[in-house]
Protein chains: 2
Amino acid sequence: MDENQEFISILRAEGLRYTWQRQAIWDEIKSTDEHRDADDIYLSLKQAGKTISRATVYRTIDVLVKYGFIRKLEFGEGRMRLEHKLDPAHHDHLVCENCGRIIEFVDDRIEDLQTAVCQQHGFQLTRHVHQLFARCQAYPDCEYYQSQHR
Amino acid sequence: MDENQEFISILRAEGLRYTWQRQAIWDEIKSTDEHRDADDIYLSLKQAGKTISRATVYRTIDVLVKYGFIRKLEFGEGRMRLEHKLDPAHHDHLVCENCGRIIEFVDDRIEDLQTAVCQQHGFQLTRHVHQLFARCQAYPDCEYYQSQHR
DNA sequence: TTTCTATTGTGAATGAGTCTCAATAATATA
DNA sequence: TATATTATTGAGACTCATTCACAATAGAAA
């Protein structure tokens with residue numbers, strides 16, 4: 001099934017209504033692989049002439065999270081960042097503290113060791129947060145940083 | 001050198017003043033191994049008759065972080081939790097999503113793999129956040145949970 | 001002591017996110 | 001298609017953790 005048809009039918013199946021606001025917010029979040037925050041989404045839509053209230057943006061984000069379209073991330077900045085799940089593979093994040101670039105990584109050995117640590121304590125792992133903060137090769141001069149801040 | 005002497009002399013060496021408020025906040029944070037938040041500290045001090053403004057609590061926490069006495073933690077709850085560094089060994093956190101219990105763990109193999117992941121991307125690791133959210137053995141009935149909420 | 005200025009308390013401000021409620025619009029039903 | 005039902009929206013008030021501005025206070029140097 002077409003990805004957007006699925007979006008529409010999940011809403012319907014859950015007794016939720018299909019509105020242009022929900023479609024626009026989902027389209028906006030899908031449109032890049034960056035990890036943007038709620039206000040980025042709100043402002044991008046506004047700039048594109050689709051003004052939607054902040055309340056609706058936040059409410060729709062929660063709907064998208066609940067039905068598995070997106071994921072909330074928290075990098076200790078005091079606000080949530082978003083990530084769509086079109087490519088559903090699990091991954092963690094490597095964040096450059098200098099330029100802000102975010103790289104996704106997976107290491108199966110780490111995944112296994114996490115499960116083992118939980119088992120040792122008699123716990124059952126439900127989810128994890130694993131973030132590596134680092135300096136990219138270009139520190140202190142970084143072309144990525146330059147490109148994002150001009 | 002006595003641990004508190006060191007606290008006093010670091011303040012002095014940095015041109016900061018030694019005040020009873022700073023001493024009281026540091027004492028309060030040192031007093032347990034729990035991961036409390038700023039308001040817990042504020043309220044505990046108040047209850048002990050040492051009323052210090054919230055602003056001062058927050059400012060002092062930043063001083064304690066800056067000079068390596070404590071560490072800020074963020075478990076996605078929208079507020080910071082604190083941890084003193086009297087026992088300086090590095091560790092990560094295993095959090096029970098049911099009862100809230102927090103267990104500290106270290107796994108050297110995970111530590112090494114993290115460094116390797118960074119190297120593969122040409123990054124230099126500066127710090128990391130690794131949190132395992134899990135259910136403890138007692139789920140859904142947990143004596144720890146009972147003990148904390150009555 | 002006096003002086004200098006870091007620190008404090010107060011209360012206002014901030015910023016992300018949530019809530020309330022009347023108006024609106026998507027969908028079910030006739 | 002018209003009408004009824006009720007989920008959703010927008011606006012702005014509100015919350016909560018944290019920060020800020022500024023006048024008053026109090027460490028510490030001279």
Side-chain angles (χ1 to χ4, degrees), chain A residues 4-5 7-29 35-46 49-67 69-82, chain B residues 4-5 7-29 35-46 49-67 69-82:
Chain A
N4 207 59
Q5 273 309 316
F7 172 66
I8 296 172
S9 42
I10 286 183
L11 290 181
R12 293 257 160 80
E14 297 293 333
L16 301 176
R17 290 179 180 171
Y18 175 71
T19 64
W20 69 264
Q21 289 93 333
R22 282 175 174 163
Q23 181 71 62
I25 292 165
W26 173 221
D27 286 344
E28 185 58 39
I29 295 177
H35 299 82
R36 296 189 289 163
D37 63 33
D39 216 53
D40 281 336
I41 305 301
Y42 168 78
L43 291 172
S44 296
L45 287 165
K46 189 170 187 171
K50 296 176 190 164
T51 300
I52 298 173
S53 72
R54 280 194 171 77
T56 296
V57 171
Y58 279 102
R59 283 185 290 228
T60 299
I61 285 169
D62 287 341
V63 169
L64 293 170
V65 169
K66 181 167 183 186
Y67 297 107
F69 295 98
I70 66 175
R71 186 183 288 130
K72 288 183 183 178
L73 304 174
E74 169 60 64
F75 294 115
E77 306 158 300
R79 64 182 192 281
M80 66 175 167
R81 286 173 177 264
L82 305 171
Chain B
N4 207 58
Q5 274 310 316
F7 172 67
I8 296 172
S9 42
I10 286 184
L11 290 181
R12 292 257 161 78
E14 296 294 333
L16 300 175
R17 290 180 181 170
Y18 175 71
T19 64
W20 68 266
Q21 289 94 334
R22 283 175 173 164
Q23 181 70 64
I25 292 164
W26 173 219
D27 286 343
E28 184 59 38
I29 294 177
H35 299 84
R36 295 189 288 164
D37 63 33
D39 217 54
D40 281 336
I41 304 301
Y42 167 78
L43 291 171
S44 295
L45 287 165
K46 188 169 187 172
K50 297 176 189 163
T51 300
I52 299 174
S53 72
R54 280 194 173 77
T56 295
V57 171
Y58 279 101
R59 284 184 291 229
T60 299
I61 285 170
D62 287 341
V63 169
L64 293 171
V65 169
K66 182 168 182 184
Y67 297 107
F69 294 99
I70 66 175
R71 186 183 289 129
K72 287 184 184 180
L73 304 174
E74 169 59 65
F75 294 115
E77 305 158 301
R79 65 183 193 278
M80 66 176 167
R81 285 172 178 265
L82 305 171

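To find a chain, count down the sequence lines: A is the first, B the second, and so on, and within it residues start at 1.
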Taking N or O atoms only and anything under 3.5 Å, show me the protein contacts with nucleotides 18-21 of chain D, one pair per line.
residue: D/dT18; atom: OP1; partner: B/Met80; partner atom: N; Å: 2.8
residue: D/dT18; atom: OP2; partner: B/Tyr58; partner atom: OH; Å: 2.5
residue: D/dT18; atom: O5'; partner: B/Tyr58; partner atom: OH; Å: 3.4

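Taken to the nearest 0.5 Å, the CG atom of B/Leu11 stands 8.0 Å off from the OG1 atom of B/Thr19. Rounded to the nearest 0.5 Å, atoms CG (A/Leu64) and CD1 (A/Ile25) are 7.5 Å apart. Annotation: the span from B/Asn4 atom CG to B/Ile8 atom CD1 amounts to 5.0 Å, rounded to 0.5 Å. Rounding to the nearest 0.5 Å gives a distance of 11.0 Å between CG of B/Asp27 and CD1 of B/Ile41.
In this structure, B/Leu73 places its CG atom 16 Å from C1' of D/dA17, rounding to the nearest Å. Distance CZ (B/Arg36) to C1' (D/dA17): 18 Å, rounded to an integer number of Å. Residue A/Leu11 contributes atom CG, which lies 12 Å from atom C1' of D/dA7 at whole-angstrom precision.
Contact check on B/Asp62 versus B/Lys72 returns a salt bridge, with a Lys/Arg side-chain nitrogen under 4.0 Å from an Asp/Glu carboxylate oxygen. The pair A/Glu28-A/Arg36 counts as a salt bridge, with a side-chain nitrogen and a carboxylate oxygen less than 4.0 angstrom apart.
B/Glu14 has its side chain out of reach of B/Val63: every pair of non-hydrogen atoms, C-beta onward, lies at least 4.5 Å apart.
Counting only N and O atoms by type, the side chains of B/Thr56 and B/Arg59 include a donor and acceptor under 3.5 Å apart.
The nearest pair of heavy atoms linking A/Glu74 to A/Gly76 is OE2-N, 2.9 Å. Here the closest heavy-atom approach between residue B/Tyr42 and residue B/Ile52 is recorded as CE1-O, 2.9 Å.
Boundaries of the chain B contact region on DNA chain C are C/dT5 to C/dT10, first to last in 5' to 3' order (nucleotide atom under 4.0 Å from a heavy atom).
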**OP:** Summarise how protein sits on nucleotides 23-30 of chain D as a single string, 5' to 3': B when a protein heavy atom is under 4.0 Å from the base, S for sugar-phosphate-only contact, - for no contact.
**Re:** ---BBS--
